[in-house]
Every structure is written in structure tokens, then in C-alpha cells.
Participant: 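What follows is a single structure, and I will ask about it in a moment.
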Amino acid sequence: MSSTFSQLDAAGRLRHLVTLDGLPRTLLEELLARAEGFAAGEARGDTLAGITVANLFAEPSTRTRASFELAALRLGAYVVNLDNTLSSRAKGETLLDTVHTLEALRVGMFIIRDAESGVQERVARAVGNEAAVVSAGESHLSHPTQGLLDALTLKQCKGELGALSIAIVGDVARSRVARSAHRAFTTLGVPDIRIVAPRAMMPEASEFAGCRRFDSLEAGIAGVDAVMMLRIQHERAGGGPVDLPAYHREFGLTAGRLAGAAPRAIVMHPGPINRGVEIDPEVADGPQSVIRRQVANGLAVRMAVLELLAGARRARAP
Ligand code: CP
């Protein structure tokens, strides 16, 4: 995000959600508290009644796209989904022209996933005063609602975050999930965040400030309260081809290795999981896995984000 762009409006309310970078702890806590209510079955309400939400996904998605659509519908919005292969962008129209076309159709919220960095900010700068932009994943840089749902899951399972140890394991260098989790956990006061990766998947030293780094899975997860496994991002540039059996031998989370974490450590994974590569089926489906809870929390968090944006929009209305 560039230094001249603000996600907050003049009154400090959330105007867009492009990244968790720079957002105050109080705002993250407000979102998590609201999401906890939705996760507990709190009334859905109609806070998005009359608003049209557009899902613009230029990369594949199952969890994020479905949960944004369900979140919008449960809050009373209209939803349009633009299939990237059918959209005007595939015919040569610029994304901004597509966005302005949708604004003319009174779309008020744009949920955007894109492989290119900076797209969400460009759209946020271009839309009118009433419209909001939410990132559903930006390149390798940012996946803010994933970071929030990971924090919510951690809080539900472990209570206070202020004494926890968390290991983020795998293809950290190419992971937007890892970057947003790091940002969320750091802002919320997690004291021990470790990144665990083979050398080729380790991020630059300038990133992941405050994290301890490990190139051994056993050492990296020793005694931790949560192990967050990552998928290998074959589709992103950087790194060479990965020898998957060798990767599994060194970095695959097996039941035996998990025994080295704290006794009731939870196992997280953003999905989609690759069984037998980064995680063994008996761990992914085992009693310490909270992977499906993360998915469920994705819906609650996205409801909280959309509701907060809609409230801020109402407050700004003349
Ligand atoms: N975790 C995540 O972003 O999953 P999808 O790619 O299925 O949306």
C-alpha cells in the first residue's frame, strides 16, 4: 500500500479493507468481537439491504469467494459474481472501466482478488465516495480477511493471544496468508511468532519483523500452541520446481512431528490443503485440526467486515 493511500475515512472509520497493515488494534478487536457474535449465531440483520456487492475474482477461489457471497446475502445485499474468463477484462476492457461500469449499475462494494499487486488500491482510489473495496487476496502480499479469520480461530481456541507461540510453516516467501497472519498476530500482541521454511521458501530478512526463523520443522514447532501450515504456491513466480516427496520428508506435518508441539496445540491451514505434501491426512482430519473451523470463521469475519463498511458508509452519507 502506498503511503498516500488511507483505508480510513476522515473520521477514522474503515472505508476500504485492502490490507491489515497500519490498522489499529482497536479496529481489529472490534471486527473480531463482531465476528465472534456472528460465529455464535447472532442475528444476521439487514445492514447491507439495498447495497450491491460485486465479487471480482481474477484468481481461483473456493472458500473466500463462497464466504463473501454468503456473508453479503446474509446481511441482505444483492450480489453479482463476475467470472474472470467471461468478463469484459478478458475482451480487453481495463479493470477500472469494468469497475466504473459496475458503479453505473449501483454496485457499492467491490470484493477483489488479483494476482497483480496494487490492483485493490488502484480501484479504491478510482471509485466514488460511496463505494468500498475489500481485498480477497492481493498477489503474494495480502489477504486481510484470512488474517482476521486466523486470529479469530486462534482466539476462540486459545483465549488470550498475549502469551502464545505460533509457527507459520512452509512456503512463507510466496504467501499472502502468512503476511496477513503475521500482521494480525503482531497487532494483536502475540509475543512469539516463528517462521519455519526451507531456505528457498524463506522470505527476505527485511520482512516478518520480530519473527524467529527456523529451517527445521522439528525445532520450529517445538512447544508451540499453534502450527499454521501453508500450501506451496506453485502458481506464483519465484523459487524453482519443488521435489514434493523430499519436501514432505523435511516439512510435512505428520502426527509424530506434531507431538513435539504443545500438548493441545491446534493445527491450522488456510486451504486448499495438499494431503501428503504439507500435511498428512491423519493430522488434517485429526482432533487438533481446526481447518474447518477456520472456514466457518471466514464467513463470520466477512460478515463483520461488510457490516462495518456499510455502517461507515451510512455515517458518511449526507
Ligand atoms: N484460503 C483461501 O484463500 O482459500 P481460497 O483460495 O479457496 O479462497
Side-chain angles (χ1 to χ4, degrees), residues 17-21 31-32 35 39 53-74 79-85 109-117 119-120 133-154 156-157 166 168-185 201 226-237 253 266-275 277-279 283-285 289-306:
L17 180 60
V18 170
T19 175
L20 297 180
D21 292 3
L31 284 166
L32 294 185
V53 175
N55 280 323
L56 278 66
F57 278 61
E59 285 188 313
S61 171
T62 302
R63 284 144 284 267
T64 311
R65 179 168 162 164
S67 57
F68 264 119
E69 178 167 0
L70 288 169
L73 290 171
R74 288 187 185 186
V79 178
V80 289
N81 291 304
L82 267 77
D83 184 320
N84 187 50
T85 55
M109 290 188 184
F110 294 90
I111 316 298
I112 301 177
R113 171 173 286 194
D114 209 288
E116 191 184 319
S117 54
V119 162
Q120 287 85 352
V133 172
V134 182
S135 174
E138 176 188 359
S139 181
H140 64 291
L141 294 174
S142 177
H143 193 348
T145 52
Q146 180 73 43
L148 289 168
L149 77 87
D150 289 337
L152 176 61
T153 306
L154 198 59
Q156 287 172 337
C157 297
I166 301 170
I168 303 175
V169 181
D171 191 359
V172 182
R174 294 186 290 184
S175 175
R176 58 192 174 208
V177 171
R179 285 179 176 80
S180 286
H182 171 239
R183 178 55 56 201
F185 298 159
M201 296 177 178
V227 184
M228 176 186 286
M229 302 304 295
L230 301 172
R231 184 174 68 84
I232 301 173
Q233 303 284 337
H234 299 285
E235 71 278 19
R236 289 197 190 125
L253 188 62
I266 58 169
V267 175
M268 303 168 77
H269 193 303
I273 61 174
N274 286 291
R275 293 169 182 268
V277 179
E278 69 269 8
I279 191 166
V283 176
D285 302 326
S289 170
V290 295
I291 295 171
R292 290 191 188 147
R293 187 167 191 166
Q294 287 174 270
V295 177
N297 281 337
L299 174 57
V301 154
R302 287 162 186 136
M303 288 174 76
V305 167
L306 296 182

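Counting starts at 1 for both ligands and their atoms, following the listed order.
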Participant: Distances under 3.5 Å, N/O of ligand 1 against N/O of the protein: list each pair and its distance.
Facilitator:
residue	atom	partner	partner atom	Å
ligand 1	1 (N)	Gln146	OE1	3.0
ligand 1	1 (N)	Pro270	O	2.9
ligand 1	1 (N)	Gly271	O	3.4
ligand 1	3 (O)	Thr64	OG1	3.0
ligand 1	3 (O)	Arg113	NH2	3.0
ligand 1	3 (O)	His143	NE2	2.9
ligand 1	4 (O)	Arg63	NE	3.1
ligand 1	6 (O)	Arg113	NH1	2.9
ligand 1	7 (O)	Thr62	N	2.8
ligand 1	7 (O)	Arg63	N	3.0
ligand 1	7 (O)	Arg63	NE	2.9
ligand 1	7 (O)	Arg63	NH2	3.0
ligand 1	8 (O)	Ser61	OG	2.6
ligand 1	8 (O)	Thr64	N	2.9
ligand 1	8 (O)	Thr64	OG1	2.6
ligand 1	8 (O)	Arg113	NH2	3.2

Participant: For Ser142, enumerate each residue passing the side-chain hydrogen bond (donor to acceptor under 3.5 Å, both in side chains) test, keeping only those at least two apart in sequence or located in another chain.
Facilitator: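 If we apply the side-chain hydrogen bond (donor to acceptor under 3.5 Å, both in side chains) test to Ser142, skipping adjacent residues, there are no hits.
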Participant: Donor-acceptor pair, Arg231 side chain versus Asn274 backbone, under 3.5 Å?
Facilitator: no
Participant: Take a 6.0 Å sphere around CZ of Arg292 and say whether it holds more than 12 heavy atoms from other residues, nucleotides or ligands.
Facilitator: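 No, because the 6.0 Å sphere around CZ of Arg292 holds 12 heavy atoms or fewer from other groups.
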Participant: Using the side-chain hydrogen bond (donor to acceptor under 3.5 Å, both in side chains) criterion, which residues pair with Ser67? Sequence neighbours excluded.
Facilitator: Arg302
Participant: Using the side-chain hydrogen bond (donor to acceptor under 3.5 Å, both in side chains) criterion, which residues pair with Arg113? Sequence neighbours excluded.
Facilitator: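 By the side-chain hydrogen bond (donor to acceptor under 3.5 Å, both in side chains) rule, Arg113 matches Thr64, His143.
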Participant: Would you check if the side chain of Glu278 reaches a backbone N or O of Ile232 as a donor-acceptor pair within less than 3.5 Å?
Facilitator: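 The answer is no, because no donor-acceptor pair under 3.5 Å joins these two groups.
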